[in-house]
Amino acid sequence: MKLSDKMAYESYADMMFGTAIKPVTTKHGLVIGGGFVIPEIVPHPRPGSEKTLKTLMREFERANFDALERCVLVGHPAIVIENEHISQMTNNPDWGMEITIQTAKQIEEFKIKYGLKAAYRATIADIRRPDRVNLRDSEATAKVLESFEKCAEAADIISIESLGGKEIFDYSIIRNDITGILFSEAILGGRDMEWLWTRIVDIAERKKCIAGGDTDCARSNTAMFMAGGFISKDIPHTLAALTRAIGAARTLVAHECGATGPGKDCGYENPILKAITGMPMSMEGKSSACAHPDLCGNVIAAVCDLWSNEAVAYHNMFGGTTPAVFAEILGYDAAAMNSAVALGFQKEFQACLVNSDRYRGPHGFILSPDNAWHIGKAIVENSRSMYARSKAAAFKCAELLLGDPNLRITGYEKESLLGYLKVLESLPDEENDFIDLCMRKYKNVNGFKPDSYGLQ
Amino acid sequence: MKLSDKMAYESYADMMFGTAIKPVTTKHGLVIGGGFVIPEIVPHPRPGSEKTLKTLMREFERANFDALERCVLVGHPAIVIENEHISQMTNNPDWGMEITIQTAKQIEEFKIKYGLKAAYRATIADIRRPDRVNLRDSEATAKVLESFEKCAEAADIISIESLGGKEIFDYSIIRNDITGILFSEAILGGRDMEWLWTRIVDIAERKKCIAGGDTDCARSNTAMFMAGGFISKDIPHTLAALTRAIGAARTLVAHECGATGPGKDCGYENPILKAITGMPMSMEGKSSACAHPDLCGNVIAAVCDLWSNEAVAYHNMFGGTTPAVFAEILGYDAAAMNSAVALGFQKEFQACLVNSDRYRGPHGFILSPDNAWHIGKAIVENSRSMYARSKAAAFKCAELLLGDPNLRITGYEKESLLGYLKVLESLPDEENDFIDLCMRKYKNVNGFKPDSYGLQ
Amino acid sequence: MKYSTDTSGIFTRFDMEIEVTRRSIRRISSDFALQAIADCVADGDEEKTEEAVKEALEQKDPLEIIHEGLIPGMNEVSRLWDEGVYFLPQVILSSDAMMAGIKLCEQKLGKPLKKKGKIITHTAEGDIHDIGQSIVNALLNADGFEVINLGTDVPIDVVVEACLAHKPIMLTGTALMTTTMSAFPKIAAKLKSMNFNIPFVCGGGAVNEEFVTGFDLGIWGKEASQAPAMAGDILEGAHWQELRSKWNG
Amino acid sequence: MKYSTDTSGIFTRFDMEIEVTRRSIRRISSDFALQAIADCVADGDEEKTEEAVKEALEQKDPLEIIHEGLIPGMNEVSRLWDEGVYFLPQVILSSDAMMAGIKLCEQKLGKPLKKKGKIITHTAEGDIHDIGQSIVNALLNADGFEVINLGTDVPIDVVVEACLAHKPIMLTGTALMTTTMSAFPKIAAKLKSMNFNIPFVCGGGAVNEEFVTGFDLGIWGKEASQAPAMAGDILEGAHWQELRSKWNG
Ligand code: B12
Ligand code: B12
């Protein structure tokens, strides 16, 4: 695998929502990143519905139907439906397959009846738990790959939120341990992704399906979620921001293995990935408040191609079921952005999105298109190793955070940030030395299995 | 009561979200229409919680707390909480009062602890059912007025969705009967509002509370809701649009009686009212999809001062409870608009909102600022009677709908529209003649009581 | 303000894409007078229908006018509504017209026409959202059922007592508020406890399939237009369980 | 791109407004060595704590070191966390440091320190979201409880058996998924049926007060930091009903 060594976008000023340098076209002809933002709706089954394949199929049938119908009702031109596998669907690869086939059929029906353009993304659950199984060789691994094979048949896009490195990350994040975070994301996460995504891309190519992308959810979103809002006292927002920058270098591996995008919605690092790869990305922010709060609700839409709600449990609201309600909201969000495109006001509109959150907190700041691009640049300029580029991303992130006086950082968080920087500076230059150091430091962490990553 | 005879805004180009010519300031110092859009969150109690005052208070305590807390969590600077009375709260005026006092206290606590700016709107339920009671003299009427007295004590804003004319409207709307619609809104609704709002404004002045405004919900939203989306076949969208234009002349009465705004969220006619009165208005659109779908999700925000979700039942989502989730979403919607203000891009941003829905359907079209302003102008230029101005609003609305070739109307809906116009043209010139005609035509409609309106 | 004429990426007017070509009613009779009556009904013109009926009554049997003029005219309207050609008000107006015509025939007959069956409709206690119920009433009337309309905000006991008094073939309830829909299972339980196992079709924005099929007797009604068809099934002998499995699930 | 420096109408940085002034730990001992140990714990420095403890052990009683150095140091950290001065990782690191120190003292003592009480923690079957549980574990450890960590994705029967085997004073469960939380009432029912009425504190993003107080034994835990305090209440004799009425509702 060759690490990226140049930027797809020559300047961040060229990055815009709705348009990617390398748009992709689905089996059914939906173009993503081809000029318009498209909503991506993600319904989640209610508890109990997972009991049998029949009840689960019925649940997804309703949820996906409601979303498609609402698009027709209010006139949203196109939609992507994502179903994130619950563990039962990946543990029984036939379940995931049946639901994929059912959804493909629903999409076809809406196309014929109304002319609605839609596509389906199947996100396989990563049921390989790093602390329990060998990531490369276990029953869970086999199930994951089998699920990809079976879903790729009828799905338009396949994705996963891969777990490599999670065992070390979980240990490190609650210990303020930036070394462990770097190790888990850059080395462990990166190696696992290379192994896994080579296989996913191969499947996608054989099945003429789109290999979408991964997300650093298991690490960066955990950190962002723990940093929380303005009341929480779990971890500093500055640490969450560093985690995100490092995580971008990890998620990028999917595309280096051949994934073409659209990147997966909960990858808040996606603006960085778009800057590097030029591929379309799915993003989520304010209209995924149904799934979690965040401090970058608008800014994260600045360069999105798909616009998602992350996940909403099926439920009746006064205005219809949740998939219908959120399909409507996302579609209107997209419609405003697409109007901006049609009017030639996209720069102004984008500036409004960015200014909403650029100084709301560290995450919004580093994910503003300019800063995201700069972090991307640091990554491609340090392409000699996963380690080098990930560390460079962290340094650039810290430099940016400290460099703009308009971004206010609490005393404690600033102090913490300076502390992480000191640790990062003390780390060895070469990847091998770093790995040696970490193998010693983390060898006793519960569940850490070096051979899951081809180490030792 | 003097009917408005001039426009507060000289040109629709001056109308902008966040700013009203006549901003209002609440007891606690929150300025509405003073430069920024503020979210207005409306939680709705779960079934069962209405059983006792205690359970209902607990329900609102949680819901309102969750919304306030989420604002602090994500940094939304200000919020208005609206509680729409369920019938129990108005039937027992002490219930409404206790909940008002409790909420005022919560707001105070958040102000002290975090500096959050908030305000409370109590919307009394109009429990006077026109088909059953005399609107001006019944136990229900007494309860409504008592509720206003008691809630005005601690609430910042008081409002109501008044019901006058509903009996004739319901009969007419399903019969394609534009005469009955005009009668119910202009004559019956207008007279009932004059009676009711004189009293509400008096109470508000005595209690140093803000008399917000009314809404044509009972008529225009019923029509809009029945016209539905692009699949429904209940009534033509063109009829719903006419109903809205006529309804604007009705809702305006609140302000002519002395209400100062902010107008009530579900009054989709509010852009017209803002053009005429210059007062701040609450609006709802895409982020009230939790309450109902509509075809004007973005355009309706173009000149809003408060931005609301209409109503969301209390419920847990992955991202928190519904009041928290929707407070977050509304606040981010507002943040993008407020960024536009800060950047001086508000015109561009507004254009994007407008273009999203201007040609999506008749409702979005007539509520675009320019068209809304023109309908307002027709209203003030025909100030010799409620009848004259309402009919003028309908004609202007029809003229606009037929005048822009970019607005596509289905064959059936266009034909219907031409039919309504013919009927409208055939109506007498003078209000008294019109009333005579309608009294004959509708005297036998179930539940119609002329003396509720001081007629005969 | 700038307005864009290319709206293709912003919205799609699916209503334009699916608009069905206008069709008029089919010929229902070779008899000139009967066809004229049917046409008046289809036009939803109450006055003209009355005139045409009055005229026809001079020569024809009232039952013939009803069964070969008024009702076939209404049936055509229903068909066109089902096909998406007509909108609701046309159905209501035609129904008004048909009812006016039937009234004249009944006067001539000297006795009311036998209705298909009695149905009680109501809107839940505490709820005044009655547009849904009004539509249901109109459609049931149009289809020849006798509708006993209890109105809005109807206490549970009043509903139960009305059922006992009228012995309808079907009961309907409408609820638009989550705080009022809880009356439905209570009504159903009371009816059940009296062994009065009448199908209880519940609709309105607040209720959904899960809620309504969660109690005995309950059948969820999504669209008002389902009410006459459900009542028709009952006439053909369907029990509430059969109705539920046909219309829900 | 244009950036606005006046963000007052856009957002409010409530974190800046409420940031508490930095405070350091209070003096806990006039003894130089004990104070040094407490300081090392408060710094969350495992190595330095070990050194300081080793040094002190040459002259002092291990129990004195534990009770007058290590634990008071940790208590200070907990206090500052409660006051919003410290963040979670400081608590965890201090806890790690304290535990390392205690371990050395125990070696010297030749027997393990008596813990305050046994607590079993787990993450629900099917669920691997364990950060919440990790925090709970760390805080309980820090507060001197013996934590039996069953890990993630723990089958119902394994939880029940562990309870029977260890007889803990409290059981905790974490669930982040609505499809996994259903294990909790099942566990509670099994325990109940065996008359093992142990408080079962359930937390995690998926569960809420209503759900958890909907089954016997269940107490809803909003924040991980409540776990030690709840366990403290149990030590003082609180039954699950008392815990529930104190912490929930
Ligand atoms: C119009 C309207 C009103 C009008 C009602 C006019 C009228 N005559 O009915 C007025 C202004 C009076 C009103 C008042 C209030 N309203 Co209101 N109203 C609405 C609105 C906008 C539309 C409802 C409507 O007419 N729909 C059109 C009809 C045709 O739909 P439908 O009844 O569901 O019927 C369809 C199907 O359900 C079915 N159906 C219905 N019944 C049956 C029966 C059978 C047998 C079958 C087969 C089918 C069937 O057929 C129809 C389609 O074909 C809704 C919005 C919404 N999301 O629903 C709010 C809504 C229902 N109202 C709401 C509220 C809160 C109120 C008030 C309390 C507000 C206040 N604080 O003053 C008061 C309540 C007064 C009371 N005690 O009832 C909430 C209810 C929240 C809840 N679920 O608990 C809603 C959901 C608005 C919201 N999102 O907050 N309202
Ligand atoms: C990080 C994360 C992950 C990480 C988990 C890493 C880890 N080691 O835990 C990874 C990437 C692995 C992951 C995987 C998946 N995830 Co996930 N994930 C999250 C996320 C973003 C944050 C969760 C988190 O760590 N929160 C921080 C911790 C500290 O919070 P907490 O556990 O709630 O604990 C707090 C309190 O609840 C309390 N508490 C907790 N336990 C206890 C116990 C006691 C006794 C007490 C007193 C208190 C207490 O204390 C803490 C605060 O002090 C959430 C988003 C969300 N809205 O929750 C989604 C979320 C939980 N995940 C979700 C999903 C769907 C998945 C996947 C199925 C995705 C997929 N298709 O691959 C898989 C599931 C795998 C599985 N079978 O479990 C959904 C769950 C939907 C649902 N409710 O059913 C969520 C809600 C995201 C979403 N909105 O869709 N996820």
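All values reported here derive from a predicted model rather than from experimental measurement. To find a chain, count down the sequence lines: A is the first, B the second, and so on, and within it residues start at 1.
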If you apply the rule side chain to side chain donor-acceptor pair (under 3.5 Å), what do you find for A:Tyr120 with A:Asn64, and how did you get there? CA-CA 10 Å; A:Tyr120 181 64; A:Asn64 296 340; 5.5 Å; no
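- Taking A:Asp14 as the reference, nothing meets the salt bridge (Lys or Arg N to Asp or Glu O under 4.0 Å) condition, with sequence neighbours excluded.
- Tested against A:Asp265 for a side-chain contact (heavy atoms from CB on, under 4.5 Å), the candidates A:Glu82, A:Met283, A:Met281 yield a single pass: A:Glu82.
- The line from CE of A:Met337 to CG of A:Leu353 is 6.5 Å long, rounded to the nearest 0.5 Å.
- With a 4.5 angstrom heavy-atom cutoff, A:Leu116 touches chain C via backbone and side-chain atoms both.
- You'll find the ring centres of C:Phe184 and C:Phe200 inside the 6.0 Å limit.
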Kindly provide each donor-acceptor pair between chain A and chain C shorter than 3.5 Å, listing atom names and distance.
residue  : atom : partner  : partner atom : Å
A:Arg46  : NH1  : C:Glu210 : OE1          : 2.7
A:Arg46  : NH1  : C:Glu210 : OE2          : 3.4
A:Gly75  : O    : C:Thr12  : N            : 2.8
A:Asn338 : ND2  : C:Gly9   : O            : 3.1
A:Leu343 : O    : C:Lys2   : NZ           : 2.5

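- With sequence neighbours left out, the ring-ring contact (aromatic ring centres under 6.0 Å, His included) criterion links A:Phe36 to no other residue.
- The parts of C:Phe11 that come within reach of chain A are both its backbone and its side chain, each placing non-hydrogen atoms under 4.5 angstrom from that chain.
- Of the atoms belonging to C:Ile10, heavy atoms from both backbone and side chain fall under 4.5 Å from chain A.
- Residues satisfying the side-chain hydrogen bond (donor to acceptor under 3.5 Å, both in side chains) test with A:Ser356, not counting sequence neighbours, are A:Asn298.
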